[in-house]
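First the structure, in the form of structure tokens, and then the observations on it.
Sequence lines set the chain letters: A, B, ... in the order given, protein chains first and strands last, and positions in each chain run from 1. Predicted, not measured: the structure shown is a model, and the values here were computed from it.
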2 protein chains.
Amino acid sequence: MLSSTEENYLKAIYKISERDNKAASTNAISSEMSTSAASVSDMLQRLSSKGMTHYEKYKGVTLTEQGNRIATNLIRKHRLWEVFLVEKLNFTWDEVHDMAEQLEHIQSPDLVNRLDQFLEYPKFDPHGDPIPDADGNFTHRRQIELTNLTTKESGTLVGVQEDSSTFLKYLDQMGLSLGTELKVLEKFEFDGSVKLLVNNKEQITISNKVCKNLFVKK
Amino acid sequence: MLSSTEENYLKAIYKISERDNKAASTNAISSEMSTSAASVSDMLQRLSSKGMTHYEKYKGVTLTEQGNRIATNLIRKHRLWEVFLVEKLNFTWDEVHDMAEQLEHIQSPDLVNRLDQFLEYPKFDPHGDPIPDADGNFTHRRQIELTNLTTKESGTLVGVQEDSSTFLKYLDQMGLSLGTELKVLEKFEFDGSVKLLVNNKEQITISNKVCKNLFVKK
DNA sequence: TAATAAATTTAGACTAATCTAAAAATAGAA
DNA sequence: TTCTATTTTTAGATTAGTCTAAATTTATTA
Ligand SMILES: [Mn+2]
Ligand SMILES: [Mn+2]
Ligand SMILES: [Mn+2]
Ligand SMILES: [Mn+2]
């Protein structure tokens with residue numbers, strides 16, 4: 001059985017490996033978790049001795065099959081709890097992450113599966129992220145960055161990259177939520193900002209940085 | 001903000017003070033929590049320096065108003081989560097305690113109240129224990145120990161003292177659950193065991209020890 | 001390729017929570 | 001009331017997780 005701290009390291013390693021498609025470096029983990037590189041280095045040895053990671057000094061870490069299974073299950077729990085908080089307790093999508101960070105560490109052989117059943121097996125969380133099933137399989141969704149749409153192309157907002165509260169509240173204010181229909185009216189070369197038609201009604205302009213954090217389906 | 005460990009100490013102190021109607025002794029806490037008396041002694045000083053307890057060396061501890069508020073809220077969270085697990089996720093009453101022990105430590109200003117609303121403000125948990133409201137007020141229930149019923153008296157089972165899984169499973173096997181109608185047919189002086197009529201149907205005999213753990217309402 | 005910069009690991013220290021063993025204080029019995 | 005048993009506290013160690021500073025290794029650049 002792992003501590004919450006160890007579990008968080010596994011999640012960070014999973015996230016980084018997935019993003020960069022290579023072994024997670026000490027510094028990358030350190031910055032992801034806001035801890036010192038020294039602490040990370042220390043923890044990597046412990047996780048390896050517990051069979052959770054493959055680790056060679058100075059070369060970074062990857063998850064073992066067991067480590068991967070635990071990380072995936074944490075993501076499953078995190079996202080199912082987020083669905084619960086939004087669907088059943090009526091929290092907004094910007095409020096749930098911190099609670100889910102705690103709830104994902106609840107140890108119980110059965111709880112997550114009962115929750116899954118209670119929620120009727122949702123495939124995506126409130127931020128559009130896929131929820132792995134009990135075997136760790138994700139539903140793959142063909143989604144592209146909003147920046148990849150060309151002028152006059154349309155798409156549906158299906159996901160966000162960031163899930164910080166400030167970013168999500170900004171989206172709310174702009175009238176953007178999952179399911180919103182978007183049409184690219186104009187792309188400004190100068191700073192990469194984009195003028196959009198939202199749900200065939202309002203026009204808004206958003207920065208390149210915001211665009212990069214939005215996923216759409218054509 | 002307190003650690004889970006500190007919170008557990010407050011709960012133990014609350015429980016003991018309530019049961020014995022006096023300051024909780026180091027040994028009582030030690031045995032309640034299965035830790036050494038030395039650890040307890042150490043923790044009591046820390047909790048006092050944080051303003052959670054009134055503590056005088058060798059005299060035991062009581063909770064301050066703040067300590068009491070936190071302990072009560074922990075009990076509120078624990079019991080509401082138990083209701084959730086039984087009512088919504090269909091766990092049985094003997095399965096939920098350990099999960100609730102973890103869930104009660106989730107920190108969120110709002111979660112417990114949303115949960116309370118979602119569950120439609122239950123007044124009692126699956127073991128018949130009262131759930132304090134957001135202000136810390138308990139619904140008092142006039143309940144008596146089954147041992148206090150005399151021969152030929154009847155009552156409804158409304159609560160259990162113990163909530164260990166083994167005890168609850170035993171009750172299930174005997175056909176006893178909250179709401180069950182009981183009539184005392186005979187009391188055996190020799191060992192304090194009692195013959196009962198259950199729901200005006202079956203007859204069972206239970207030991208004195210079991211009796212002491214059952215609460216009924218006449 | 002050699003020097004320098006960056007990344008990583010090691011060394012040593014700190015805190016929370018725990019323990020055992022020893023010392024001190026309180027309570028109970030003679 | 002004095003001795004003894006019990007309870008409680010203190011002393012000293014240990015482990016997980018963290019830190020800063022120093023040492024080491026790897027990568028980059030001249
Ligand atoms: Mn999240
Ligand atoms: Mn999410
Ligand atoms: Mn319980
Ligand atoms: Mn209960």
Side-chain angles (χ1 to χ4, degrees), chain A residues 1-13 15-17 19-63 67 70-71 74 101-102 104-105 107, chain B residues 1-13 15-17 19-63 67 70-71 74 101-102 104-105 107:
Chain A
M1 194 109 301
L2 300 179
S3 69
S4 294
T5 308
E6 290 169 322
E7 290 188 336
N8 284 334
Y9 274 93
L10 293 186
K11 239 188 357 161
I13 295 165
K15 191 170 170 183
I16 292 163
S17 306
R19 161 163 54 85
D20 303 345
N21 274 304
K22 60 177 185 193
S25 72
T26 300
N27 262 0
I29 298 167
S30 151
S31 103
E32 170 71 27
M33 302 198 60
S34 309
T35 53
S36 72
S39 301
V40 174
S41 205
D42 204 81
M43 181 57 88
L44 295 187
Q45 331 225 2
R46 252 183 294 163
L47 287 173
S48 288
S49 76
K50 290 193 179 189
M52 295 296 148
T53 52
H54 298 296
Y55 174 52
E56 211 185 328
K57 275 182 194 172
Y58 296 101
K59 306 286 183 186
V61 273
T62 55
L63 296 175
I70 292 172
L74 282 166
E101 282 294 311
Q102 299 175 65
E104 73 191 7
H105 299 292
Q107 303 288 349
Chain B
M1 194 111 300
L2 301 180
S3 69
S4 294
T5 308
E6 290 169 321
E7 290 188 336
N8 285 333
Y9 274 93
L10 293 186
K11 239 188 359 162
I13 295 165
K15 192 170 169 184
I16 292 163
S17 305
R19 161 162 54 86
D20 304 346
N21 274 305
K22 60 177 184 193
S25 73
T26 301
N27 263 359
I29 298 167
S30 151
S31 103
E32 171 71 27
M33 302 197 61
S34 308
T35 53
S36 71
S39 301
V40 173
S41 205
D42 204 81
M43 180 58 88
L44 295 186
Q45 331 224 3
R46 252 183 293 163
L47 287 173
S48 288
S49 76
K50 291 194 178 189
M52 295 296 149
T53 53
H54 298 295
Y55 174 52
E56 211 185 328
K57 275 183 193 173
Y58 297 99
K59 306 286 183 187
V61 273
T62 54
L63 296 175
I70 291 172
L74 282 165
E101 282 294 310
Q102 299 175 65
E104 73 191 8
H105 299 292
Q107 302 288 349

- In sequence, state the C-alpha distance, the side-chain angles, and the governing distance for Glu101(A) and Lys11(A), and then conclude on salt bridge (charged side-chain N to carboxylate O under 4.0 Å, His left out). CA-CA 11 Å; Glu101(A) 282 294 311; Lys11(A) 239 188 357 161; 3.0 Å; yes
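Atom pair Met1(A):CE and dT15(D):C1' shows a separation of 19 Å (rounding to whole Å applied). Rounding to whole angstrom units, CG of residue Asn27(B) and P of dT6(D) are separated by 12 Å. Atom OH in Tyr58(A) sits about 10 Å away from atom P in dT8(C), given to the nearest Å. Rounded to whole Å, atom C1' of dT9(C) lies 14 Å from atom CD of Glu56(A). Here the P atom of nucleotide dT9(C) and the NZ atom of Lys59(A) are 11 Å apart, to the nearest Å.
By the side-chain hydrogen bond (donor to acceptor under 3.5 Å, both in side chains) test, Ser39(A) is found to be paired with Ser36(A), residues two or more places apart in sequence or in another chain being considered. Residues passing the side-chain hydrogen bond (donor to acceptor under 3.5 Å, both in side chains) test with Ser48(B), sequence neighbours excluded: Thr53(B).
For the atom pair CD1 of Ile29(B) and CG of Asn8(B), the computed distance is 12.5 Å after rounding to the nearest 0.5 Å. Going from atom NZ of Lys15(B) over to atom CE of Met33(B) covers 10.5 Å, rounded to the nearest 0.5 Å.
Not one N or O on the side chain of Ser30(B) forms a donor-acceptor pair closer than 3.5 Å with the backbone of Thr26(B).
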- Task: Sugar-phosphate means primed atoms, P, OP1 and OP2; the rest is base. With that split, encode nucleotides 10-19 of chain C 5' to 3' as B, S or - using protein heavy atoms under 4.0 Å.
- Result: B-----SBBB
